[in-house]
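Here's the structure we're looking at; comments come further down.
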Amino acid sequence: MQAYDGMYIDGQWRPAAGADTIPVVDPADEQIIATVPAGTAQDVDAAVRAARAAFPGWAATPPAERAGYLRALRDAMAARKEEIAETVTAELGAPIGFSRLVHAAAPILVAGSYADLAASYPFEEKAGNSTVLLEPVGVVGAITPWNYPLHQIVAKVAPALAAGCTIVVKPAEHTPLTARLFAELVHEAGLPAGVFNLVTGLGPVAGQALAEHEGVDLVSFTGSTAVGRRIGATAGGAVKRVALELGGKSANVILPSADLARAVRVGVANVMSNSGQTCSAWTRMLVHTDQYDEAVELAATAARKYVAGDPREETSRLGPVVSAGQRDRVRGYLEQGVAQGAKVVTGGPEAPLATGYYVAPTVFAEVTPEMTIAQEEIFGPVLALLRYEDEEDALRIANGTVYGLAGAVWAGDEAEAVAFARRMDTGQVDINGGRFNPLAPFGGYKQSGVGRELGVHGLTEYLQTKSLQF
Ligand code: NAD
């Protein structure tokens with residue numbers, strides 16, 4: 001077990017103000033693998049002061065130079081890609097292959113995209129007799145979750161730095177080791193002191209202190225709706241900018257003309273990857289009533305291939321969920337699904353392995369739109385199949401939750417799928433299995449959030465405008 005100390009503040013590892021620590025648990029064997037300091041309001045204050053002091057210099061650094069630093073950061077991440085993957089697997093439990101392919105690779109792509117954007121974005125516009133300057137908002141407070149520990153950090157840090165903002169990150173309690181590794185890489189990349197700062201700690205202590213700090217100009221939060229709501233209220237009270245990326249309950253709509261087998265297979269993979277701990281996962285599969293029984297069979301067969309196992313084994317396809325609390329929460333939903341009359345086709349509340357926080361890959365059939373498992377975010381390897389009678393019915397079900405983060409539409413004809421996608425109340429839709437695009441804006445309609453991450457839209461979240469009239 002490794003006992004880490006220090007917070008990355010003002011370009012160096014500094015001792016924490018208090019003596020409390022947070023244990024980091026390997027969810028595959030339930031052993032404590034490390035401890036990190038539990039930061040307090042005092043540590044947050046030191047980090048915000050460092051970010052404040054670094055802001056004027058960083059904001060004045062030419063964008064082309066900022067791009068150079070981001071490129072160096074991307075290269076530092078690429079050089080230690082394997083270590084990133086191993087760290088995510090150790091503290092999150094994601095299968096090592098998925099950690100390499102997604103947890104390590106996606107943030108490298110995103111950092112690279114912001115190096116390019118910093119170099120090419122104009123930061124100045126003309127509007128009639130005005131010149132509009134796009135200036136950095138200031139000091140950013142970023143609060144991130146554990147489900148994509150590096151991606152969620154990079155999706156905030158890279159655009160903030162590209163825009164000329166400085167930042168303090170408070171990562172999730174369950175996954176601070178990936179965040180510490182990222183801070184090391186920032187240091188290696190030679191970023192000026194104070195531009196990036198890291199404070200580990202508990203949400204209601206360090207997270208809250210960061211969200212409430214008057215030296216923070218913009219709070220960017222990803223996590224649960226309950227906490228997001230509070231952070232939004234705090235930011236509103238202080239009249240400061242806020243970006244919220246909250247939950248989802250996305251619909252995978254399979255229209256009758258689609259390739260059913262492919263749509264179901266990809267849909268199941270989308271839900272089971274990362275043990276279902278993906279906010280944009282398509283956890284509701286909507287199938288026409290005539291094809292429903294066939295889809296249920298196909299989904300059960302596909303889900304049974306996700307055999308739970310040690311995430312360090314190359315062959316494991318399903319790791320544990322992140323914590324005992326998360327496992328119990330998911331099991332609670334499985335029990336509710338059964339109690340409300342849904343049918344377990346495969347999986348269920350029984351644990352597939354005796355040790356580790358594992359949940360069996362589960363497919364529910366005969367799910368109706370008003371059931372809890374069709375309305376609330378479960379955040380586990382659980383798929384609900386719903387039947388629809390016609391397209392209007394499918395649309396009503398797809399749009400019938402408080403969320404609107406992502407979704408998918410499958411049809412024989414792309415234009416047919418696009419016509420349906422246009423009517424969906426959601427921020428992203430994959431058409432016939434479209435690929436991840438690091439430049440596509442990501443964020444929610446309705447209660448899935450406020451603001452966008454990634455690409456140009458992610459950059460402009462960190463900019464404010466000043467108009468000069470001539
Ligand atoms: P959470 O919202 O409690 O935690 C997210 C981050 O917020 C963490 O860094 C946490 O320390 C911090 N935080 C917690 N309380 C805070 C407070 N009062 N003030 C400031 N910061 C605070 O989420 P969780 O408990 O880790 O997960 C609970 C549920 O949230 C999950 O089951 C899932 O449904 C959802 N979730 C969604 C996402 C997403 O990407 N949208 C990510 C993780 C979790």
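Note that ligands are numbered from 1 as they come in the structure, with each ligand's atoms numbered from 1 the same way. Because the structure is predicted, anything quoted here is derived from the model rather than measured. For the single chain, residues carry numbers from 1 onward in sequence order.
Here the protein heavy atom with the shortest distance to atom 43 (C) of ligand 1 is P145 CB, 3.4 Å. For atom 28 (C) of ligand 1, the nearest non-hydrogen atom of the protein is S224 CB, 4.1 Å. Summary of contacts: the protein heavy atom closest to atom 10 (C) of ligand 1 is E173 OE1, 3.5 Å. Counting only heavy atoms of the protein, atom 13 (N) of ligand 1 lies nearest to G203 CA, 3.3 Å. Scanning the protein for heavy atoms near atom 44 (C) of ligand 1, the closest one is F379 CE2, 3.7 Å. Summary of contacts: the protein heavy atom closest to atom 39 (C) of ligand 1 is C279 CB, 3.3 Å. For atom 9 (O) of ligand 1, the closest heavy atom belonging to the protein is T144 O, 2.8 Å. Q208 OE1, 3.7 Å is the protein heavy atom nearest to atom 18 (N) of ligand 1.
At least one N/O-N/O distance between L246 and ligand 1 falls below 3.5 Å. Between E377 and ligand 1, at least one N/O pair is under 3.5 Å apart.
Proximity to E245 (heavy-atom distance under 4.0 Å) selects the following atoms of ligand 1: 41 (N). Which parts of ligand 1 touch G207 is read off a 4.0 Å heavy-atom cut-off, strictly below it: atoms 19 (N), 20 (C), 21 (N). Residue T222 approaches ligand 1 through these ligand atoms, each under 4.0 Å from one of its heavy atoms: 5 (C), 39 (C), 40 (O). Distances below 4.0 Å separate heavy atoms of Q152 from the following atoms of ligand 1: 40 (O). Those atoms of ligand 1 that come under 4.0 Å of a heavy atom in Q326, given as number and element, are 32 (O).
Only the backbone of P171 comes within 4.0 Å of ligand 1, counting heavy atoms alone; no side-chain atom from C-beta on gets that close. Only side-chain heavy atoms of I231 come within less than 4.0 Å of ligand 1; its backbone N, CA, C and O stay farther off. At a 4.0 Å heavy-atom cut-off, ligand 1 touches W146 through the side chain alone. Here Q277 has no heavy atoms under 4.0 Å from ligand 1, in either its backbone or its side chain. With a heavy-atom cut-off of 4.0 Å, T225 does not touch ligand 1 at all. With a heavy-atom cut-off of 4.0 Å, R329 touches ligand 1 through its side chain alone. Residue A211 does not touch ligand 1, judged by heavy-atom distances below 4.0 Å.
Using a 4.0 angstrom heavy-atom cutoff, F221 counts as in contact with ligand 1.
Screening L185, L181, V88 for a side chain to side chain contact (heavy atoms under 4.5 Å, CB included) with E83, the sole residue that qualifies is L181. For the side chain to side chain contact (heavy atoms under 4.5 Å, CB included) with L286, the qualifying choice from I254, L386, L385 is L386, the only one to do so.
Side-chain contact between I373 and V382: absent, with no pair of heavy atoms (C-beta onward) separated by less than 4.5 Å. With a 4.5 Å cut-off on side-chain heavy atoms, F182 and P149 do not count as touching. Considering only heavy atoms from C-beta on, H103 comes within 4.5 Å of Y148 through its side chain. For the pair Q326 and H174, the minimum side-chain heavy-atom distance is 4.5 Å or more. Counting only heavy atoms from C-beta outward, the side chains of M371 and T368 approach each other to under 4.5 Å. Considering only heavy atoms from C-beta on, E376 stays 4.5 Å or farther from Q336 through its side chain.
A donor-acceptor contact shorter than 3.5 Å links the side chain of E173 to the backbone of G203. One N or O on the side chain of T401 and one on the backbone of Y403 form a donor-acceptor pair closer than 3.5 Å. For the pair D425 (side chain) and G404 (backbone), a donor-acceptor distance under 3.5 Å is absent.
Aromatic ring pairs are classed by plane angle as parallel below 30°, tilted from 30° to 60° and perpendicular above 60°; the pair Y69 and W58 is tilted.
Protein heavy atoms are absent from the 4.0 Å sphere centred on atom 4 (O) of ligand 1. Put simply, atom 36 (N) of ligand 1 has protein non-hydrogen atoms near it, under 4.0 Å away.
Residue-environment remark: CZ (R100) exceeds the threshold of 12 foreign heavy atoms within 6.0 Å.
Q447 and T225 share no side-chain donor-acceptor pair at under 3.5 Å.
Close placement of the W146 and F379 rings is indicated, their centers lying within 6.0 Å of each other.
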